[in-house]
Colleague: 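A single structure is presented below for examination.
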Amino acid sequence: MMGLLKNCKKFVLDMLFKRDYLRSSEEPSDTIWKLPCDKLFRLDIPTYDGSGQAVHPSLLRRPDSPWFMLAFTPYTDTHDDVENPSVLISDTGLDFYEEKKGINPLVGKPEFDHNDDPDLFFRDGKYCILYLETMRPKVQTLYVLESEDRIYWKKQEVCHWDLESTRDFFMLSPKYMEFEGKEFIFYVNRDAKGGYAIECSGLGFTETRKVLVPGLKEYPWHIDIIPSGEAFYMLITTASTLDNNARYSLRIAKSGNLFDWKLAEDFCVEDCYRSSGFVENGILFAYLSKIFLPTYHRKKWKIMLLKKRLDMLRWGN
């Protein structure tokens, strides 16, 4: 009887998802290099709350390292109270695990509201994770976690905003970047008037400039930027509207200098949240936070992998 129920459940899920993805239990490949392009591959991401539901991946693959590192947050049934920065590693890019058992979450839930939007990077010999502590409607704080061994993390404040007095600023999805000897933080600014804009600032947030992506008609929501040789690729999560009925999609843009962008006209992945990845040999390995099982009550989220040949995309003018 249990086997019959399991098979029925599998059939229902397959029908709901129309078999547009591969499961880790079905795919014979033991490495991302052997996966086919243009096919979603569902990853099994262990979360500290046991749900396996996760969003906001930030993938680090250093050129001198054979392994992968993933920062993310759980997002169980779209509840943000478990949305605390977590980190895993992998030898294959497919199977992720805690380097030290019980290390997650790296920080606990704030006094009220939630943590969000981790960004993983390597800087000055240290592993770093930017993340936001959002305590609406009072304050928002950008923190950085630093570690030399990926096990013990030190927390430092980067910047702090009084939301009650700063009505034209609310940060989403910070992204640390280095370019021509300078340090930048890119992010989406959701101001009190309902505007959504990609912006860039130095670490002190004294000078800010808008970052335009010509041809992007949807509202930018979350971003990640992937360096590759002399080019940069921006993964842009967009929202169709600014209400509760918004549909999220993933777009991609290309730049040679971080500020002049061309949008790919034929790249769009539906029902995605903030995504990350890396580029190797002209192939984008995109780790997508994607709605796995939409219901009338709560959405369920999974991190999936998509390979895409960049030379197959049509870039705008």
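These values consider heavy atoms only, across backbone and side chains, with no hydrogens, waters or symmetry-generated copies.
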Colleague: Under 3.5 Å, is there a donor-acceptor pair between the side chain of K290 and the main chain of L305?
Modeller: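 Side chain of K290 to backbone of L305, a donor-acceptor pair under 3.5 Å: no, none is there.
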Colleague: Hydrophobic clustering (ILVMFWY, side-chain heavy atoms < 4.5 Å, transitive) - are I303 and W67 grouped together?
Modeller: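 No, because W67 and I303 fall into different hydrophobic clusters, even though each may have its own neighbours under 4.5 Å.
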Colleague: Using 0.5 Å steps for rounding, measure from the NE2 atom of H114 to the NE2 atom of H79.
Modeller: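 If I round to the nearest 0.5 Å, the distance is 13.5 Å.
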Colleague: What class does the angle between the rings of F68 and F278 fall in, given that below 30° is parallel, 30 to 60° is tilted and above 60° is perpendicular?
Modeller: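 F68 vs F278 ring planes: tilted.
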Colleague: State whether the number of non-hydrogen atoms from other residues, nucleotides or ligands found under 6.0 Å of E178 atom CD is greater than 12.
Modeller: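 Yes, the 6.0 Å shell around CD holds more than 12 heavy atoms from other groups.
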Colleague: Please verify the inter-ring angle class for Y273 with H222; under 30° counts as parallel, over 60° as perpendicular, anything in between as tilted.
Modeller: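 Ring orientation of Y273 relative to H222: tilted.
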Colleague: Just to verify, what does D116 make a salt bridge (charged side-chain N to carboxylate O under 4.0 Å, His left out) with, not counting sequence neighbours?
Modeller: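 With sequence neighbours excluded, D116 shows a salt bridge (charged side-chain N to carboxylate O under 4.0 Å, His left out) to no residue whatsoever.
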Colleague: Checking the side chain of D49 only, and the main-chain atoms of S51 only, is there a donor and an acceptor separated by less than 3.5 Å?
Modeller: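 Yes; at least one donor-acceptor contact below 3.5 Å.
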Colleague: Could you pull out all residues at least two apart from F267 that satisfy ring pair (Phe, Tyr, Trp, His ring centres under 6.0 Å)?
Modeller: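 Testing F267 for ring pair (Phe, Tyr, Trp, His ring centres under 6.0 Å), a comparison that skips the adjacent residues, returns none.
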Colleague: Using 0.5 Å steps for rounding, measure from the CZ atom of R42 to the NZ atom of K302.
Modeller: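 Nearest 0.5 Å value for the CZ-NZ distance: 5.5 Å.
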Colleague: With a 6.0 Å cut-off on ring centres, are F285 and F41 close enough?
Modeller: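 For F285 and F41, the ring centres are not under 6.0 Å apart.
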Colleague: Taking atom CZ as the centre, does F112 end up with more than 12 heavy-atom neighbours from other residues, nucleotides or ligands that are less than 6.0 angstrom away?
Modeller: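 Yes, the 6.0 Å shell around CZ holds more than 12 heavy atoms from other groups.
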Colleague: Are any non-hydrogen side-chain atoms of L235 and Y287 less than 4.5 angstrom apart?
Modeller: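 SC-SC contact between L235 and Y287 ruled out.
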Colleague: If we check ring-ring contact (aromatic ring centres under 6.0 Å, His included) with F121, which of these qualifies: F186, F184, Y176?
Modeller: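 Single ring-ring contact (aromatic ring centres under 6.0 Å, His included) partner of F121 among F186, F184, Y176: Y176.
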Colleague: Within the side chain of N189, is there an N or O that forms a donor-acceptor pair under 3.5 Å with the backbone of D168?
Modeller: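 The answer is yes, because a donor-acceptor pair under 3.5 Å joins these two groups.
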Colleague: Do the side chains of K308 and D38 get close enough for a salt bridge, i.e. N-O under 4.0 angstrom?
Modeller: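 Yes, charged N to carboxylate O under 4.0 Å.
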Colleague: Working to the nearest 0.5 Å, report the span between NE2 of H56 and CG of L70.
Modeller: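 Spacing of NE2 (H56) from CG (L70) equals 11.5 Å.
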Colleague: Given Y233, which of D224, L284, L310 fulfils the side-chain contact (heavy atoms from CB on, under 4.5 Å) condition?
Modeller: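 Result for side-chain contact (heavy atoms from CB on, under 4.5 Å) with Y233: L310.
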Colleague: So if you build clusters from Ile, Leu, Val, Met, Phe, Trp, Tyr with side-chain heavy-atom gaps below 4.5 Å, do V107 and F72 land together?
Modeller: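 Cluster IDs for V107 and F72 differ.
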Colleague: Got a second to check how far R150's CZ is from L88's CG, nearest 0.5 Å?
Modeller: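 That separation rounds to 12.5 Å.
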Colleague: Taking atom CG as the centre, does D162 end up with more than 12 heavy-atom neighbours from other residues, nucleotides or ligands that are less than 6.0 angstrom away?
Modeller: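 More than 12 heavy atoms, drawn from other residues, nucleotides or ligands, come within 6.0 Å of this atom.
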Colleague: Out of Y187, F170, F169, which one pairs with W161 under the ring-ring contact (aromatic ring centres under 6.0 Å, His included) rule?
Modeller: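 Of the listed options, the one satisfying the test is F169.
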Colleague: Does K155, at its NZ atom, have more than 12 non-hydrogen atoms belonging to other residues, nucleotides or ligands within less than 6.0 Å?
Modeller: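 Yes, because the 6.0 Å sphere around NZ of K155 holds more than 12 heavy atoms from other groups.
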Colleague: May I have the step-by-step check of side-chain hydrogen bond (donor to acceptor under 3.5 Å, both in side chains) for N84 and Y48, ending in yes or no?
Modeller: CA-CA 10 Å; N84 300 312; Y48 69 86; 2.9 Å; yes
Colleague: Are W221 and M234 connected in a single hydrophobic cluster, I mean Ile/Leu/Val/Met/Phe/Trp/Tyr linked by side-chain heavy atoms less than 4.5 Å apart?
Modeller: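 In one cluster: yes.
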Colleague: Please check if atom CD in E111 has more than 12 non-hydrogen atoms from other residues, nucleotides or ligands closer than 6.0 Å.
Modeller: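 Result for CD/E111: open.
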Colleague: If you define the side chain from C-beta out and look only at heavy atoms, does anything of D119 sit under 4.5 Å from S58?
Modeller: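 They are in contact (side-chain heavy atoms under 4.5 Å apart), so the answer is yes.
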Colleague: Can you sort out the partners of Y97 under ring pair (Phe, Tyr, Trp, His ring centres under 6.0 Å), two or more places apart, ordered by chain and number?
Modeller: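 Partners of Y97 under the ring pair (Phe, Tyr, Trp, His ring centres under 6.0 Å) test: none.
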Colleague: With the 4.5 Å side-chain cut-off for hydrophobic clustering, are L288 and I226 part of the same group?
Modeller: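 Yes: a chain of side-chain contacts under 4.5 Å links L288 to I226.
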Colleague: Is atom CD of E164 surrounded by more than 12 heavy atoms (other residues, nucleotides or ligands) closer than 6.0 Å?
Modeller: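 Yes - once you tally the heavy atoms of other residues, nucleotides and ligands closer than 6.0 Å, there are more than 12.
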Colleague: Taking D44 for the side chain and D95 for the main chain, is one N or O donor matched with an acceptor at less than 3.5 Å?
Modeller: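 Side chain of D44 to backbone of D95: no pair is present.
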Colleague: Do the side chains of K300 and D77 get nearer than 4.5 Å, heavy atoms only?
Modeller: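 Side-chain contact under 4.5 Å: yes.
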Colleague: Report yes if the side chains of L306 and L250 come closer than 4.5 Å at any heavy-atom pair, otherwise no.
Modeller: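 L306 does not reach L250 side chain to side chain.
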Colleague: Is the backbone of D271 close enough, under 3.5 Å, to the side chain of R247 for a donor and an acceptor to pair up by distance?
Modeller: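 Absent.
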Colleague: Looking at R309 and D311, is there a salt bridge between them, counting it only when a charged N and a carboxylate O are closer than 4.0 Å?
Modeller: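 Judged by the 4.0 Å cut-off on N to carboxylate O distance, D311 and R309 do form a salt bridge.
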Colleague: Do I89 and M69 come within less than 4.5 Å of each other through their side chains, counting heavy atoms only?
Modeller: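 They are in side-chain contact.
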Colleague: Are the side chains of L94 and L35 in touch, meaning some heavy atoms are under 4.5 Å apart?
Modeller: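 They are in side-chain contact.
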Colleague: Take S240 and E218, measure what side-chain hydrogen bond (donor to acceptor under 3.5 Å, both in side chains) needs, and give me the verdict at the end.
Modeller: CA-CA 6 Å; S240 59; E218 304 86 359; over 6 Å; no
Colleague: Can you tell me if S173 uses its side chain to pair, donor with acceptor, with the backbone of I223 under 3.5 Å?
Modeller: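 At least one qualifying donor-acceptor pair exists.
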Colleague: Return yes when atom CD of E207 has more than 12 non-hydrogen atoms of other residues, nucleotides or ligands closer than 6.0 Å, and no otherwise.
Modeller: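 Open: at most 12 neighbouring heavy atoms sit under 6.0 Å from CD of E207.
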Colleague: Can you measure from CZ (F232) to CG (N257) and round to the nearest 0.5 angstrom?
Modeller: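 One finds 8.0 Å between CZ of F232 and CG of N257.
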Colleague: May I ask you to test the C200-F259 pair for a side-chain heavy-atom distance under 4.5 Å?
Modeller: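 In contact.
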Colleague: Got E133 and E157 here, is their nearest side-chain heavy-atom distance under 4.5 Å?
Modeller: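 No, their side chains stay 4.5 Å or more apart.
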Colleague: V188, W261: one ILVMFWY side-chain cluster at the under-4.5 Å cut-off?
Modeller: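 Hydrophobic grouping puts V188 with W261.
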Colleague: Is the backbone of D113 close enough, under 3.5 Å, to the side chain of K109 for a donor and an acceptor to pair up by distance?
Modeller: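 Yes: the side chain of K109 pairs with the backbone of D113.
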Colleague: Output yes when a side-chain donor or acceptor of T134 lies under 3.5 Å from a complementary backbone atom of Q140, and no otherwise.
Modeller: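 The answer is no, because no donor-acceptor pair under 3.5 Å joins these two groups.
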Colleague: Check whether W315 forms a cation-pi arrangement with K262 (NZ or CZ under 6.0 Å from the six-membered ring centre, at most 45° off the ring normal).
Modeller: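 No, K262 and W315 do not form such a contact.
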Colleague: What closest approach, in Å, do N104 and S86 show between heavy atoms, and which atom pair accounts for it?
Modeller: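 That closest heavy-atom pairing would be OD1-CA, 3.2 Å.
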Colleague: Under the side-chain hydrogen bond (donor to acceptor under 3.5 Å, both in side chains) rule, what do W153 and Y127 come out as? Steps first, then yes or no, please.
Modeller: CA-CA 9 Å; W153 297 82; Y127 298 89; over 6 Å; no
